[in-house]
Amino acid sequence: MNAPFEREPQAVADRYARRTEPSRYNILNPDVWQTLQERQRAMLRLFMRLGWNDLSARRVLEVGCGTGGNLLELLRVGFAPRNLVGIELLPDRFAQAMQTLPSGVTLMQGDASLVTLPDESEDIVLQSTVFSSLLDLPFQWRLAQAMWRWVRPGGGVLWYDFTVDNPRNPDVRGVPVARIRDLFPGGRVQYQRITLAPPIARRVCALHPSLYPVFNALPLLRTHVLAWIEKPNA
């Protein structure tokens, strides 16, 4: 019988199959595009602080690239297709990413924790709301160690995920900052809290989109973190 962490990829696929409200994440929804733009601004400010003026020279690997939306964003801000890699577990999402992204982007389908890639080959290893869908802690650890191996010294893991549990959704679990530090004990963790709690964002934007920044000004209502986990130079 397989160990629990070996069953986790299939469990993740089952959890995603149970999601029945794709329209909730439509980019035309005011809460969705404001959340997206807020995260983009925070990410670009991070690149500026790092002094990365030529993004086309930076290599990025995304774990759980989905349909390719995040990699498409990176292309638009200046990353080069030849330097982007995406790994996606779910075949249908992988197929959509193949259709969406230019041929210069490298895409792989399967369990990212088992993928063999050169050590210290990436400036950024990105994960966006992947770990909150991984409920098996040993599997989280195995994937985090693979991601850390791929990061070159001076680079880092770029992490976006929520930190609090959703009592209405047992298929996800918040990943607090303390857990991030446990997963990457050798990293220097910098983070900022962003993203108005989605249930609140949906309600206030239904009244008027301008209410998103008003409510998001209250730190206690932000449910996600954007973290940069830097690998120190040797």
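Just the heavy atoms: all of them, side chains too, but no hydrogens, waters or symmetry mates, feed the values below.
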**Prompt:** Roughly how far, to the nearest 0.5 Å, is CE of Met147 from CD1 of Ile229?
**Reply:** 7.0 Å
**Backbone N/O of Leu89 and side chain of Gln109: donor-acceptor pair under 3.5 Å** = yes
**Request:** Please lay out, stage by stage, how Leu46 and Leu158 fare under the test side chain to side chain contact (heavy atoms under 4.5 Å, CB included).
**Result:** CA-CA 10 Å; Leu46 169 65; Leu158 183 56; 3.5 Å; yes
**Prompt:** Going by distance alone, is a donor N or O of one side chain under 3.5 Å from an acceptor N or O of the other, for Asn70 and Arg39?
**Reply:** yes
**Asked** Could you go step by step and tell me if Leu226 and Trp159 meet the side chain to side chain contact (heavy atoms under 4.5 Å, CB included) rule?
**Response** CA-CA 6 Å; Leu226 183 77; Trp159 175 289; over 6 Å; no
**Prompt:** Distance from Trp33 atom CH2 to Leu36 atom CG, nearest 0.5 Å?
**Reply:** 10.5 Å
**Asked** Can you name the closest pair of heavy atoms from Gly156 and Trp228 and give their distance?
**Response** N-CH2, 3.3 Å
**Asked** Are the side chain of Asp123 and the backbone of Gly155 linked by a donor-acceptor contact shorter than 3.5 Å?
**Response** no
**Prompt:** Taking the side chain as C-beta and beyond, is there a heavy-atom pair between Leu117 and Met108 under 4.5 Å?
**Reply:** yes
**Fill in**
When every non-hydrogen atom of Ala112 is compared with those of Val63, the smallest separation belongs to CB-CG1, 3.8 Å
**Item:** Expected output: side-chain Asn29 to main-chain Val32 donor-acceptor under 3.5 Å
**Value:** no
**Request:** Answer yes or no: are there more than 12 heavy-atom neighbours, outside Asp119 itself, under 6.0 Å from its atom CG?
**Result:** yes
**Message:** Could you work out, with side-chain hydrogen bond (donor to acceptor under 3.5 Å, both in side chains) as the rule, every residue matching Ser103, not counting sequence neighbours?
**Reply:** none
**Request:** May I ask you to test the Leu71-Leu107 pair for a side-chain heavy-atom distance under 4.5 Å?
**Result:** yes
**Prompt:** Hey, does the side chain of Gln140 reach the backbone of Phe131 with a donor-acceptor pair shorter than 3.5 angstrom?
**Reply:** yes
**Request:** Could you list the residues that satisfy side-chain hydrogen bond (donor to acceptor under 3.5 Å, both in side chains) with Asp14, not counting sequence neighbours?
**Result:** Gln10
**Request:** Identify whether the distance between the nearest side-chain nitrogen and carboxylate oxygen of Arg142 and Glu8 falls below 4.0 Å.
**Result:** no
**Taking every non-hydrogen atom, the tightest pair across Pro153 and Pro232** = CB-O, 3.6 Å
**Message:** Are Tyr25 and Thr35 packed together at the side-chain level, in the sense that at least one heavy-atom pair is separated by less than 4.5 angstrom?
**Reply:** no
**Single-linkage hydrophobic cluster, 4.5 Å side-chain cutoff, Trp141 and Leu135 together** = no
**Message:** Same cluster or not: Phe184 versus Trp150, using hydrophobic residues (I, L, V, M, F, W, Y) connected whenever any side-chain heavy atoms lie under 4.5 Å apart?
**Reply:** yes
**Asked** With a 4.5 Å heavy-atom cut-off, do Val172 and Thr129 have their side chains touching?
**Response** no
**Request:** Mind checking the CG-OG1 spacing from Asn83 to Thr106? Nearest 0.5 Å is all I need.
**Result:** 9.5 Å
**Asked** Is any side-chain heavy atom of Arg59 closer than 4.5 Å to a side-chain heavy atom of Val85?
**Response** yes
**Asp31 side-chain N/O to Cys205 backbone N/O, donor-acceptor pair under 3.5 Å** = no
**Message:** I'd like to know if Leu72 and Leu126 are part of one continuous hydrophobic network [Ile/Leu/Val/Met/Phe/Trp/Tyr, side-chain heavy atoms within less than 4.5 Å].
**Reply:** yes
**Min side-chain heavy-atom separation Tyr212-Pro30 under 4.5 Å** = no
**Fill in**
Shortest non-hydrogen pair, Leu55 vs Val77, comes out as CD1-O, 3.5 Å
**Request:** Would you sort out whether Val225 and Ile180 count as a side chain to side chain contact (heavy atoms under 4.5 Å, CB included), showing the intermediate values?
**Result:** CA-CA 10 Å; Val225 295; Ile180 300 174; 4.1 Å; yes
**Message:** If I take atom CZ from residue Phe79 and atom CG from residue Asp54, how far apart are they, to the nearest 0.5 angstrom?
**Reply:** 10.0 Å
**Asked** If you look at every heavy atom in Gln34 and Pro209, which pair is closest and at what distance?
**Response** NE2-O, 2.8 Å
**Request:** Flag yes if Leu218 and Leu211 sit in one hydrophobic cluster, no otherwise; membership is Ile, Leu, Val, Met, Phe, Trp, Tyr, and two members link when side-chain heavy atoms are under 4.5 Å apart.
**Result:** yes
**Message:** So if I apply the side chain to side chain contact (heavy atoms under 4.5 Å, CB included) rule between Leu143 and each of Leu134, Asp136, Leu183, which one comes out positive?
**Reply:** Leu134
**Request:** Using atom types as modelled and distance alone, determine if a side-chain donor or acceptor of Glu88 lies under 3.5 Å from a backbone N or O of Leu90.
**Result:** yes
**Asked** If you look at every heavy atom in Gly154 and Asn233, which pair is closest and at what distance?
**Response** N-OD1, 3.6 Å
**Prompt:** If you measure from CZ on Arg222 to CZ on Phe215, what distance do you get to the nearest 0.5 Å?
**Reply:** 14.0 Å
**Request:** For the residue pair Ile124 and Trp52, establish whether any side-chain heavy-atom pair is separated by less than 4.5 Å.
**Result:** yes
**Message:** Please evaluate residues Arg173 and Leu137 with respect to the criterion side chain to side chain contact (heavy atoms under 4.5 Å, CB included), reporting the C-alpha separation (whole Å), side-chain torsions for both, the decisive distance (0.1 Å), and the verdict.
**Reply:** CA-CA 11 Å; Arg173 181 186 298 141; Leu137 298 185; 4.1 Å; yes
**Prompt:** With distance as the sole test, does Glu122 use its side chain to make a donor-acceptor pair with the main-chain N or O of Val125 at under 3.5 Å?
**Reply:** no
Would you tabulate the side-chain donor-acceptor contacts of residues 185-203 under 3.5 Å, counting partners in other chains and residues two or more places apart, or write 'none'?
from   : atom 1 : to     : atom 2 : distance (Å)
Thr195 : OG1    : Tyr160 : OH     : 2.7
Arg203 : NH1    : Pro199 : O      : 3.4

**Message:** Are Leu50 and Leu44 connected into the same hydrophobic cluster when the rule is that any two of I, L, V, M, F, W, Y join if their side-chain heavy atoms are below 4.5 Å apart?
**Reply:** yes
**Request:** To the nearest 0.5 angstrom, please state how far the OG atom of Ser128 sits from the CG atom of Asp161.
**Result:** 7.0 Å
